[in-house]
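Reminder, nothing fancy here: chain letters follow the sequence lines and each chain counts from 1. Because the structure is predicted, anything quoted here is derived from the model rather than measured.
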Amino acid sequence: MDAALQLAVENLMARYVHAIDDDRLEDWPGFFVEKGRYRITTAENFERGLPLSIIYADSRAMLADRVSALRHANIYEAQRYRHVVSSSNFQVVRIMHTGDSILFASGRYLDRIRLNGDGGTPQFEERVVVIDSRSVDTLLAIPL
Amino acid sequence: MDAALQLAVENLMARYVHAIDDDRLEDWPGFFVEKGRYRITTAENFERGLPLSIIYADSRAMLADRVSALRHANIYEAQRYRHVVSSSNFQVVRIMHTGDSILFASGRYLDRIRLNGDGGTPQFEERVVVIDSRSVDTLLAIPL
Amino acid sequence: MDAALQLAVENLMARYVHAIDDDRLEDWPGFFVEKGRYRITTAENFERGLPLSIIYADSRAMLADRVSALRHANIYEAQRYRHVVSSSNFQVVRIMHTGDSILFASGRYLDRIRLNGDGGTPQFEERVVVIDSRSVDTLLAIPL
């Protein structure tokens with residue numbers, strides 16, 4: 001991979017994470033191509049090849065619907081994420097409105113990225129979020 | 001941003017973090033320009049535009065004073081930090097002298113960096129440390 | 001350091017971490033030169049210049065023996081690591097088979113890397129893993 005390409009991809013990763021951590025969830029679907037796929041699964045299910053997903057969407061419209069539901073449902077306690085990502089490995093700290101912080105999730109992003117030609121902004125064709133622990137799933141509200 | 005510039009900035013970030021984590025706090029003011037500003041605040045205050053700061057300094061001399069006070073006051077228990085930074089997001093582990101480690105703080109650096117011309121080492125004109133949780137403030141001794 | 005070289009080194013770091021986190025421990029010795037040295041020690045011992053190590057090996061064969069022992073001994077509970085690395089600082093989350101995750105270790109890699117000429121893959125001549133806490137040692141099974 002050449003340096004310019006690597007910079008463009010790192011830039012995509014950084015903007016993705018900041019959109020979520022800054023609570024600009026409406027920007028989130030725009031990181032995917034129109035028919036982009038987003039899936040959260042556990043390492044255990046992923047390694048067994050099981051199609052089970054905690055979250056699954058296969059279009060930008062589905063991602064937008066999910067954000068819309070999150071905004072209106074208000075079923076979850078006020079919280080934020082803080083991602084740290086290195087070499088596609090991630091750790092996410094979750095900060096509750098009360099100030100309580102915990103190491104909420106860790107895992108790996110498996111991405112297929114469309115480069116969109118000269119100078120175009122890369123987008124995800126597929127982002128599979130493989131979380132390490134099977135204990136996290138019922139708590140997931142905000143995307144990872 | 002071109003690749004050489006990005007490398008220079010990443011290098012600044014890395015050296016900053018290692019100076020703190022290695023307890024070379026006397027090197028810390030040198031990462032700022034003479035009239036550089038350093039501020040730690042919470043996400044809550046930052047988003048409301050409140051000028052409240054946990055730590056505030058607007059010159060290298062004030063930073064040096066702070067380090068000097070830390071060295072002589074000895075009011076805090078022996079501790080170290082370990083930073084992990086990605087895309088300006090950070091997580092800091094605090095390690096006490098006893099060996100106890102906790103995820104101490106997470107947040108984001110908002111930086112204004114002076115490039116100092118051809119081959120010069122970049123320096124911070126301003127570094128605002130926005131910490132995610134409002135629970136952390138009273139415990140802060142070492143800079144973030 | 002030029003951009004191509006930095007990319008090659010970052011690539012080594014990334015592949016190293018993924019080999020361990022993906023439980024491909026048999027690939028681990030191959031990141032070292034034949035007479036490569038691998039050592040885990042605590043910050044406390046390191047700073048005092050003490051030669052004490054939690055793990056010490058000075059050849060690829062010793063690393064392979066260690067992996068072999070791990071595979072056959074089965075004395076440790078099923079677990080995985082997830083590394084996040086930035087500027088040679090690391091944090092490792094340990095995920096138990098039960099799903100329990102903890103921030104297991106933090107520290108710094110001190111590396112001597114052989115570049116292996118034009119286009120060759122860099123390898124470690126020495127990797128010293130300096131862990132921050134002295135409380136971690138008795139629990140170490142998988143390499144860091």
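Closest non-hydrogen pair, B/Val93 versus C/Ser106, comes out as CG1-OG, 3.9 Å.
In this structure, C/Asn89 contributes its side chain and B/His83 its backbone to a donor-acceptor pair below 3.5 Å. B/Arg82 contributes no side-chain N or O that, together with a main-chain N or O of C/Ile131, makes up a donor-acceptor pair within less than 3.5 Å.
Counting only heavy atoms from C-beta outward, the side chains of B/Ser86 and C/Ser86 never approach each other to under 4.5 Å. In this structure, C/Arg108 and B/Asp21 have side chains that are not in contact, with every pair of non-hydrogen atoms separated by 4.5 Å or more.
Put simply, of C/Ser88, C/Ala105, C/Ala43, C/Ser87, the one with the most heavy-atom pairs under 4.5 Å next to chain B is C/Ser87.
The contact between B/Val17 and chain C is made entirely by side chain atoms (from C-beta outward), counting heavy-atom distances below 4.5 Å. Of the two parts of B/Asn11, neither the backbone nor the side chain holds a non-hydrogen atom closer than 4.5 Å to a non-hydrogen atom of chain C. For B/Arg80, the part lying under 4.5 angstrom from a heavy atom of chain C is the side chain only. Heavy atoms closer than 4.5 Å to chain B are found nowhere in C/Glu44, neither backbone nor side chain.
Annotation: the span from B/Gln91 atom CD to C/Gln91 atom CD amounts to 5.0 Å, rounded to 0.5 Å. B/Leu103 contributes atom CG, which lies 12.5 Å from atom CD1 of C/Ile102 (distance to the nearest 0.5 angstrom).
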